[in-house]
Chemist: 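Structure in structure tokens, see below.
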Amino acid sequence: MYWLIPFLAWLGIHLYGWKLRKHNKENRKRLLAGLGYQEDKPIIGFFHPYCNAGGGGERVLWAAIAHIQRTKPHIVSVVYSGDTDATKQAILGKVKSQFNLELDESRVDFVFLDSRHLVEDSAWPRFTLLGQSLGSMYLAWEAMTKLVPDLYIDTMGYAFTFHIVAILGRIPIGAYVHYPTISTEMVKRVQTRTRWHTNANSISSSAVLSQAKLLYYRVFMYYYAISLRGASFLMVNSMWTKEHIDSILQYSNLFLDIINFLPPLLFLKLFISNKAPKTATIVYPACDTKAMSLFSLEHRQRVILSLAQFRPEKDHAAQIRAFQQLLEENPQFKSDNNPNDGVRLVLIGGSRNEGDRDRVIQLRRLAGNLGVEPYVDFIVNAPYATVLEWLSKASIGLSTMQDEHFGINIVEYMAAGVIPVTHASGGPYKDIVRPVDGGPTGFHAKTPAEFAEAFKKVLSLSEEEELQMRRRARQRAVQRFSEDEFEKAWDSCKWDRYLP
């Protein structure tokens, strides 16, 4: 009798999935008819709830869809989006203005989701990883009730949605992972009780709470690994991300293995698949290096440029502090008469929500408190043309995010001839800002003092040294991170073999 309850639950879920798939025929026909098709077409569903955010992750999404449209014109791409305040035309217009990508409206459509608030940080002030993962599963359920595609590709990192899609949709699953939901670095910071934006002071200052959070992280990583294994193919954006995802795919815990063989957890094994390859494939993000590589390398302005969404992990506060230290220790970079004549820090980034808007206000206040406000510019949600304008005249490209998974903005710096100064970790350190012919293409730093020193080095280069470094940086970006390279790597995963 005890086993009857799990069996009935299993049967009920599968009957619900069968009914949902049957109803999906009408949803599918309605969507294709809205695009002007009377016959059936293969449909790829891209799960990207923040598709209108305008960041590097969104560029990957739209570059992939643009590539599919060029090479597989019979395929329809559908984006599961939570941007219910935007229309299809508005989103595609932003794609054109921000990324210079023009898509065929007859071969792309949107399924708008009403439950995106469940994956917002603000919805889960405690147990954020768990809450967002459960929220993503609900969001995936909403997505499947509105349309079951032929192939599901998650491009935002919501691996827990794979269970819902596999059970209800019974379709192949792929993923492009920008950043692991949980990483070994996050676990280490809890172990060492290091304060971080993912490890609050109230936790790191307590030995008991740190041990409790460590247990929570280990359990979460165990089920995150199970979720990732449900994908038929996995793409990642950098060597750093690959190392972490490959490690997570192999993660095991003997105690949890035993626990999962006991009822009722044993029941969950009826819904778990293990289709993923043992390693992920690196697909460096598509970067629009063609237009930027035409910019002149000479006569650059003394501008330190930051291109990054105003999210907490981007650590814009460190940028302002490093800039303040540069000016304090090197008054020759200031101008008492006109701040516009001195070195300037220009922060360009997207603002997704109220949290980001509040962050910009706090950053403006920080610049004022540190006395550098006259030398700092904030440009929020800038159009693509404005970004290009600043890239064409800036001297230094700045990124202070620790463990940045890749960094499309850094590739854009280099293609535009802007010398990058990045955090000495993650993709910028391992993949992007690497020597060319034995010569440096930029600088790495960790502390505000080190960043300030790197700024000084770039601003003090001779004209010839500066020109040579810009040339090497451009060569690295254009040859290694072009759209052509992205498309070749994307196709190497043979995603199309999973379509009917």
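Computation of the quantities below employed the complete heavy-atom set of this structure, encompassing side-chain atoms and omitting hydrogens, waters and symmetry-equivalent molecules. The first residue in the sequence is number 1, and the count goes up from there.
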Chemist: Taking side-chain hydrogen bond (donor to acceptor under 3.5 Å, both in side chains) as the test, write out the residues that go with Trp390, two or more places apart.
Modeler: none
Chemist: What's the shortest heavy-atom distance between Trp240 and His244, and which atoms?
Modeler: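 Smallest interatomic distance, heavy atoms only, reads O-CD2, 3.1 Å.
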Chemist: Go through the structure and list residues passing side-chain contact (heavy atoms from CB on, under 4.5 Å) with Glu485, not counting sequence neighbours.
Modeler: Arg480, Ser482, Lys488
Chemist: Scan for salt bridge (Lys or Arg N to Asp or Glu O under 4.0 Å) pairs involving residues 160-186, sequence neighbours excluded, and state none if there are none.
Modeler: none
Chemist: Between Asp437 and Arg471, is there a side-chain N and carboxylate O pair less than 4.0 Å apart?
Modeler: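 Salt bridge flag = no for Arg471 with Asp437.
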Chemist: Looking at residues at least two apart in the chain, or sitting in another chain, which of them share a ring-ring contact (aromatic ring centres under 6.0 Å, His included) with Phe443?
Modeler: none
Chemist: Is the shortest distance from a Lys or Arg side-chain nitrogen in Asp315 or Arg321 to a carboxylate oxygen in the other one below 4.0 Å?
Modeler: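 So Asp315 does not pair with Arg321 through a salt bridge.
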Chemist: Asp484: what forms a side-chain hydrogen bond (donor to acceptor under 3.5 Å, both in side chains) with it, not counting sequence neighbours?
Modeler: none
Chemist: Does anything in residues 389-412 pair up under salt bridge (Lys or Arg N to Asp or Glu O under 4.0 Å), and if so which pairs, sequence neighbours excluded?
Modeler: Arg189-Asp403, Lys314-Glu404, Glu389-Lys393
Chemist: Between Lys146 and Glu142 (salt bridge meaning N to carboxylate O under 4.0 Å), is one present in this structure?
Modeler: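 Answer for the salt bridge query: yes.
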Chemist: Would you mind writing out the side-chain donor-acceptor pairs for residues 41-64 within the sub-3.5 Å range, not counting sequence neighbours?
Modeler:
| from | atom 1 | to | atom 2 | distance (Å) |
| --- | --- | --- | --- | --- |
| His48 | ND1 | Thr155 | OG1 | 2.8 |
| His48 | NE2 | Glu58 | OE2 | 2.7 |
| Tyr50 | OH | Glu120 | OE2 | 3.1 |
| Glu58 | OE1 | Gly55 | N | 2.7 |
| Arg59 | NE | Ala286 | O | 2.9 |
| Arg59 | NH1 | Phe99 | O | 3.0 |
| Arg59 | NH2 | Glu483 | OE2 | 2.8 |
| Trp62 | NE1 | Cys51 | O | 3.4 |

Chemist: Just jot down the side-chain contact (heavy atoms from CB on, under 4.5 Å) partners of Ala416, sequence neighbours excluded, or say none.
Modeler: Met292, Phe295, Leu391, Val418
Chemist: Applying side-chain hydrogen bond (donor to acceptor under 3.5 Å, both in side chains), name anything that partners Tyr413, two or more places apart in sequence or on another chain.
Modeler: none
Chemist: Show every salt bridge (Lys or Arg N to Asp or Glu O under 4.0 Å) that has at least one partner inside residues 69-80, sequence neighbours left out.
Modeler: Arg70-Glu487, Lys72-Asp496
Chemist: The criterion is side-chain hydrogen bond (donor to acceptor under 3.5 Å, both in side chains); which residues satisfy it with Asp358, sequence neighbours excluded?
Modeler: none
Chemist: Quick one: ring-ring contact (aromatic ring centres under 6.0 Å, His included) partners of Phe220, sequence neighbours excluded?
Modeler: Phe160
